[in-house]
Structure formats: C-alpha cells, structure tokens
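Proteins get letters first, then strands, A, B, ... in listed order; numbering begins at 1 in each.
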Number of protein chains: 2
Amino acid sequence: MITNKNCIIRLSRYKNALYRLQALGFVKVFSDNLADAVGGTASQVRKDFSIFGISGNKKGGYQIDSLLEKLNSILGKDQLQKVIVVGAGHIGSALMRYRGFEKEGIKIIAGFDIDPAKINRSNPIPVLPLEEIKAFIKTNNIRIAILAVPDIAAQQAADMICAAGVKGILNFAPLGLKGAEGCIINNVNVEIELENLIYFVNVTEKTRKA
Amino acid sequence: MITNKNCIIRLSRYKNALYRLQALGFVKVFSDNLADAVGGTASQVRKDFSIFGISGNKKGGYQIDSLLEKLNSILGKDQLQKVIVVGAGHIGSALMRYRGFEKEGIKIIAGFDIDPAKINRSNPIPVLPLEEIKAFIKTNNIRIAILAVPDIAAQQAADMICAAGVKGILNFAPLGLKGAEGCIINNVNVEIELENLIYFVNVTEKTRKA
DNA sequence: TTGTTATTGTGAAAAACGGAACAATATGAT
DNA sequence: ATCATATTGTTCCGTTTTTCACAATAACAA
Ligand SMILES: NC(=O)c1ccc[n+]([C@@H]2O[C@H](COP(=O)([O-])OP(=O)(O)OC[C@H]3O[C@@H](n4cnc5c(N)ncnc54)[C@H](O)[C@@H]3O)[C@@H](O)[C@H]2O)c1
Ligand SMILES: NC(=O)c1ccc[n+]([C@@H]2O[C@H](COP(=O)([O-])OP(=O)(O)OC[C@H]3O[C@@H](n4cnc5c(N)ncnc54)[C@H](O)[C@@H]3O)[C@@H](O)[C@H]2O)c1
C-alpha cells in the first residue's frame with residue numbers, strides 16, 4: 001500500500017494540470033510536459049504512474065482523458081464527497097462560501113457552530129447548532145470534516161466528531177491533535193507555512209550574499 | 001545548507017510545544033518530552049538540534065528559554081516580519097482579521113485589491129489599491145506576501161510582486177505558479193489537502209476491510 | 001520493408017531521511 | 001569518592017524516495 005503523501009499530492013497536481021491542458025485543447029501528453037506543468041521530473045511522473053499501474057504508449061505519450069479517468073479513480077473522485085465544516089467563523093465561513101470545491105467533486109453540505117448567533121438553517125449551506133452534529137454525521141454518513149474552531153476547542157471537537165464516525169479531519173487550528181483510532185488528521189497550518197517560507201527566504205538570502 | 005522542509009517544520013513545532021510547556025511552568029525539557037509533544041521520536045529531536053548546533057546538558061535536558069531563543073533565531077523570529085496580503089476577498093480578509101499571527105511575530109501590515117470597493121485606508125490594516133503595491137513593497141522593504149487572488153490572476157500578480165522585490169510568496173490559489181528567479185513560492189492548497197485526506201481515508205478503509 | 005527516432009517502463013544506483021544504538025558524560029545518590 | 005543512572009550527541013544502519021540509465025517498442029519516414 002502507498003503511504004507516501006507526497007506521491008499522492010503529485011497525483012493531484014498531475015490531475016489538475018491535465019484538466020488545464022485538456023481545456024487548452026490537448027488530447028495527449030508526454031511525461032515531460034506534465035513534469036514541466038507541475039515542476040517535477042519526467043522520470044518521477046512515469047514512476048508515479050508505474051506505481052499505480054498506469055501506462056501510456058511508447059512514443060505516443062498518454063491519452064489525457066483516460067489518464068484523467070484513472071487518476072480520478074485513484075483519488076476517489078468518482079463519487080461526490082460530502083464534507084462538513086465545524087466552526088463557522090472567519091475561516092470556516094470563507095470555506096463554506098468558496099465555490100472551488102465543487103469542480104473537485106467535494107461538497108460542503110453543512111456547517112456547525114456552538115454560537116447561536118451563527119446558526120442559519122435557510123442558507124444554501126446551512127449552519128446548524130453543535131447539538132445536531134452527531135446525528136447529522138450518522139444520518140448523512142459523513143466521513144470527512146473540516147475543523148475551523150478556536151485552538152482551545154479543537155481537541156474536544158475532534159474527539160467528538162471522531163466518535164460520531166468521521167474518518168478524516170482537515171484541521172486548521174495551529175496545534176497537533178491526537179487523532180482517535182481510525183481517524184486521520186491532516187493539518188493546514190498557515191503560521192507554520194509562513195514561518196517556513198521566512199526561513200527559506202532568509203537562508204537563500206544569506207547564502208546568496210556568501 | 002538544510003533543504004529539508006520537514007525538518008524546518010519540525011523546528012516550528014518544537015518551538016510551539018516549548019511555549020506551551022513554558023506556559024505550564026516547565027523550565028527544562030528532555031528530548032523525549034518534546035518528541036511526545038509533537039508526535040516524533042526522541043532521536044529525531046536530538047538529531048534536528050544537532051544539525052543546527054543546539055546542545056543541551058547530559059542528563060539535564062534542555063533549558064527551555066535558551067532553546068527557544070536558539071529556535072527563534074534559526075526561524076528568523078528575532079525580528080518582526082512584515083507581510084502583505086494581495087487580494088482582500090474571502091480568504092484574504094479572513095487572514096487579515098486573524099489575530100494569531102501576531103504572537104508569532106508576523107504582522108500583516110496591508111492588503112491590496114484591484115476592486116475599488118475593497119479599498120479602505122482607515123482600517124487598522126488598510127486595504128490599498130493595487131497601483132500602490134509596487135511602491136509600498138519598496139518603501140516598506142516587504143519580503144513576504146500572501147497571495148489570495150482568484151486563480152486566473154495569480155500568476156500575473158506573483159510576477160508583479162516578485163518584480164517589486166518580494167522574496168517569498170504564500171500562495172492560496174490552487175495552481176502551481178512559476179516563481180521568478182530568487183523568489184520562493186509555497187502553496188497552501190486546501191483542495192489538494194482535502195483530496196489527499198480523502199485518498200488516505202479511502203485506502204485505510206479498503207485495507208481494513210481486507 | 002527497413003531504419004530512425006521519440007518516448008515509455010522499469011531495474012539499478014544514488015541520495016535523503018529517519019530511527020536505533022551506544023559511547024560519552026553530567027547528575028545525583030550512597 | 002564512588003557508583004549508578006539518566007540523557008545527550010553522533011555514528012551507523014535500514015528504509016524510502018528520487019534520479020539515472022537504458023532496453024523495449026510504437027510511430028513515422030524513406
Ligand atoms: N482566520 C484565519 O485566517 C486563520 C488563519 C490560520 C489559522 N486559523 C485557525 O483556524 C481556527 C479558526 O479561526 P477563525 O479565525 O475562523 O476563528 P473564529 O473565532 O472566527 O471562528 C471560530 C468559530 O468556531 C465557533 N466555535 C467555538 N467553539 C466551537 C465548538 N466547540 N464547536 C463548534 N464551533 C465552535 C465559534 O463560535 C466561531 O464561530 C483557529 O484555530 C485559528 O487559529 C485561522
Ligand atoms: N475562499 C476559500 O475558502 C478558498 C479556499 C481554497 C482556495 N482559495 C483560493 O484563494 C484564492 C482567493 O479566494 P477567495 O475565495 O478569497 O476569492 P475572492 O473572490 O473572495 O477574493 C479575491 C479578491 O482578489 C481581488 N483581485 C482580483 N484580481 C486581483 C489582482 N490582480 N490583484 C489584486 N487583487 C485582485 C478581488 O477583487 C477579490 O477581492 C483563489 O485562488 C481561491 O481559489 C480560496
């Protein structure tokens with residue numbers, strides 16, 4: 001089984017690049033085109049495909065449409081993914097308003113908040129009270145949740161939704177959560193990303209001077 | 001030179017964990033405490049420190065305050081980092097309102113937008129018209145920018161701010177940007193993070209069944 | 001048909017990474 | 001003072017990941 005997160009991220013990037021190429025009218029693609037498009041090497045593109053048993057045509061490259069089918073199937077994009085957002089504050093509501101997920105087959109179907117003032121059942125994407133979350137997860141068979149609550153509430157909220165049946169959490173709170181058994185937690189940590197960027201900017205600047 | 005992004009991310013995590021330990025009243029820490037706190041191994045903690053010439057005391061562990069000083073210096077946190085936000089839409093304004101960066105010594109000092117309706121000079125963090133961005137970057141010696149414009153505008157905006165002197169971009173648009181020479185681009189791609197999470201949830205589910 | 005060329009698919013080499021092990025040693029106990 | 005113990009710092013080793021290299025072969029040209 002593949003455990004290499006970077007490899008799967010590359011598959012997503014290939015997929016996105018392929019859609020762009022397709023939109024530009026391309027029908028087939030070579031490994032080095034894709035490598036250019038995502039900023040990698042042609043070898044790696046072919047190796048990644050090889051791992052998943054994807055093959056192209058000697059001298060003919062890859063057929064974009066069939067390649068996309070295979071990547072989409074690997075990435076689980078052949079079925080709509082229903083997602084909930086926990087915490088309808090700044091980040092949570094930005095995500096709920098974002099249209100970009102739909103073209104990816106990801107649909108945020110509800111938000112949840114502890115603050116009564118945030119509740120809104122008549123929204124296209126309703127914001128519901130936290131008390132209803134457990135039942136909602138079970139009824140709608142929700143497996144993926146986005147966690148956008150304040151840091152202090154994050155662990156507790158994570159525990160709760162794991163217990164209710166959620167299998168994967170995308171956590172925006174800048175702290176490491178202990179995942180319950182059988183629940184995967186991925187983090188989006190903007191602070192750390194910025195810090196990282198600052199570090200590398202500083203070192204390249206320093207080494208450039210030297 | 002260190003090129004291992006994960007290693008630097010671990011330093012950030014150590015740093016954050018250390019602040020939490022310090023707030024709890026701890027004065028010294030052992031490598032295995034830190035490992036626990038961030039979900040790693042004690043060996044790796046020591047190795048990471050060793051790479052940067054950080055040393056502790058045999059049998060005495062590490063002095064938290066001096067450790068923090070060293071980590072902060074490595075991570076460039078000994079000086080305030082001024083950052084601008086390009087694109088004051090949903091994500092951009094969520095980031096501008098976010099208080100969490102300050103405690104990290106990161107200060108968003110202005111936003112920029114092409115839409116006149118978004119301009120607001122009297123905000124604590126002003127939103128300025130795009131025409132002023134070049135001069136602003138030069139005057140304020142801005143090195144880091146957060147890019148939160150629509151996908152279609154992202155490459156052009158990146159080119160512009162690179163040309164104006166920005167050295168690092170944290171890009172929220174879900175596409176790979178070509179960085180100008182001497183400008184580092186890091187991406188925060190929520191779609192891909194979700195996709196990744198979905199993939200791993202799917203495969204663990206499948207292998208669990210089998 | 002034959003030869004030439006471009007491109008894949010993969011096995012092998014290299015590099016990067018992380019973890020285990022252990023010698024060195026400071027600390028505290030007796 | 002001596003010993004036992006805990007913990008670091010670093011070397012070594014296995015694994016993972018990336019890159020290299022090239023044989024296999026499909027497409028095309030002559
Ligand atoms: N806003 C940003 O730009 C930004 C950037 C980086 C990280 N973050 C992180 O994202 C998280 C959310 O940030 P934000 O700015 O959206 O905060 P926010 O305060 O605007 O929103 C948090 C929301 O969560 C709700 N809430 C609180 N406890 C809850 C619970 N137990 N269950 C459900 N809802 C609950 C609150 O009522 C509020 O509506 C924080 O952890 C923050 O550190 C935010
Ligand atoms: N909102 C989200 O939750 C979310 C999630 C994932 C990714 N993203 C990505 O983040 C980016 C921004 O998303 P958003 O939801 O904030 O969009 P938005 O439309 O709310 O905001 C974009 C802002 O950029 C401004 N803008 C347009 N062209 C510009 C230019 N050339 N220079 C400066 N400003 C310009 C617009 O006036 C607008 O205010 C997009 O690339 C989107 O794909 C957003």
*Kindly state which residues belonging to residues 10-27 of chain A come within less than 4.0 angstrom of DNA chain D, counting heavy atoms of the residue only, listed by number.*
A:Arg10
*Would you mind reporting whether B:Ile146 and B:Ile91 have side-chain heavy atoms less than 4.5 Å apart?*
no
*Does a salt bridge link A:Glu195 with B:Arg13, judged by any charged N lying under 4.0 Å from a carboxylate O?*
no
*All pairs passing side chain to side chain donor-acceptor pair (under 3.5 Å) where residues 138-149 of chain B contributes a residue, at least two apart*: A:Asn202-B:Arg143, A:Glu205-B:Arg143
*Taking atom C1' of D:dA26 as reference, at what distance in whole Å does atom OH of A:Tyr62 sit?*
14 Å
*Could you check whether B:Thr3 gets within reach of a base, just the sugar-phosphate, or nothing at all, counting any heavy atom under 4.0 Å?*
nothing
*Can you run down the ring pair (Phe, Tyr, Trp, His ring centres under 6.0 Å) pairs that involve residues 9-33 of chain A, sequence neighbours left out, and say none if there aren't any?*
A:Tyr14-A:Phe49
*Only counting residues at least two apart or in another chain, list the ones meeting ring-ring contact (aromatic ring centres under 6.0 Å, His included) with A:Phe172.*
none
*Excluding sequence neighbours, so at least two apart, what forms salt bridge (charged side-chain N to carboxylate O under 4.0 Å, His left out) with A:Lys107?*
none
*Taking the side chain as every heavy atom from C-beta outward, state whether A:Ile161 and A:Ile169 have any pair of such atoms under 4.5 Å apart.*
yes
*Give every residue pair that meets the side chain to side chain donor-acceptor pair (under 3.5 Å) criterion with at least one member in residues 25-43 of chain A, sequence neighbours excluded.*
A:Ser31-A:Arg46
*Rounded to whole angstrom units, what separation is found between the CD atom of B:Gln63 and the P atom of D:dT7?*
14 Å
*How would you list all residue pairs meeting side chain to side chain donor-acceptor pair (under 3.5 Å) that involve residues 162-185 of chain B, not counting sequence neighbours?*
B:Asn171-B:Asn187
*Would you say the side chain of A:Ser12 lies within less than 4.5 Å of the side chain of A:Leu75, judging by non-hydrogen atoms?*
yes
*Going by the side chain to side chain contact (heavy atoms under 4.5 Å, CB included) test, name the single residue among A:Leu128, A:Ile108, A:Ile125, A:Ile133 that passes it with A:Ile84.*
A:Ile133
_At a heavy-atom distance below 4.0 Å, which nucleotide of DNA chain C is the first touched by chain A, and which is the last?_
C:dT5 to C:dA12
*Would you classify A:Asn4 as touching base, sugar-phosphate or nothing, given that sugar-phosphate means primed atoms plus P, OP1 and OP2, and contacts are heavy atoms under 4.0 Å?*
sugar-phosphate
*Heavy-atom distance under 4.5 Å between the side chains of B:Ile109 and B:Val83, does that happen here?*
no
*Taking the side chain as C-beta and beyond, is there a heavy-atom pair between B:Ser66 and B:Lys70 under 4.5 Å?*
yes
Name the pairs: protein N/O against N/O of nucleotides 27-30 of chain D, kept only if under 3.5 Å.
unit_1 : atom_1 : unit_2  : atom_2 : d
D:dA27 : N3     : A:Lys59 : NZ     : 3.3

*Rounded to whole angstrom units, what separation is found between the CD1 atom of A:Ile9 and the P atom of D:dT18?*
11 Å
*Kindly state each residue pair satisfying side chain to side chain donor-acceptor pair (under 3.5 Å) with at least one member in residues 80-99 of chain A, sequence neighbours excluded.*
A:Tyr98-B:Glu191
*Residues from residues 65-76 of chain B sitting under 4.0 Å of DNA chain C, heavy atoms only?*
none
*How about A:Leu170 and A:Leu147: do any of their side-chain heavy atoms sit closer than 4.5 Å?*
no
*For DNA chain D, find the residues of residues 40-52 of chain A with a heavy-atom distance under 4.0 Å and give them by number; none if there aren't any.*
A:Thr41, A:Ser43, A:Gln44, A:Arg46, A:Lys47
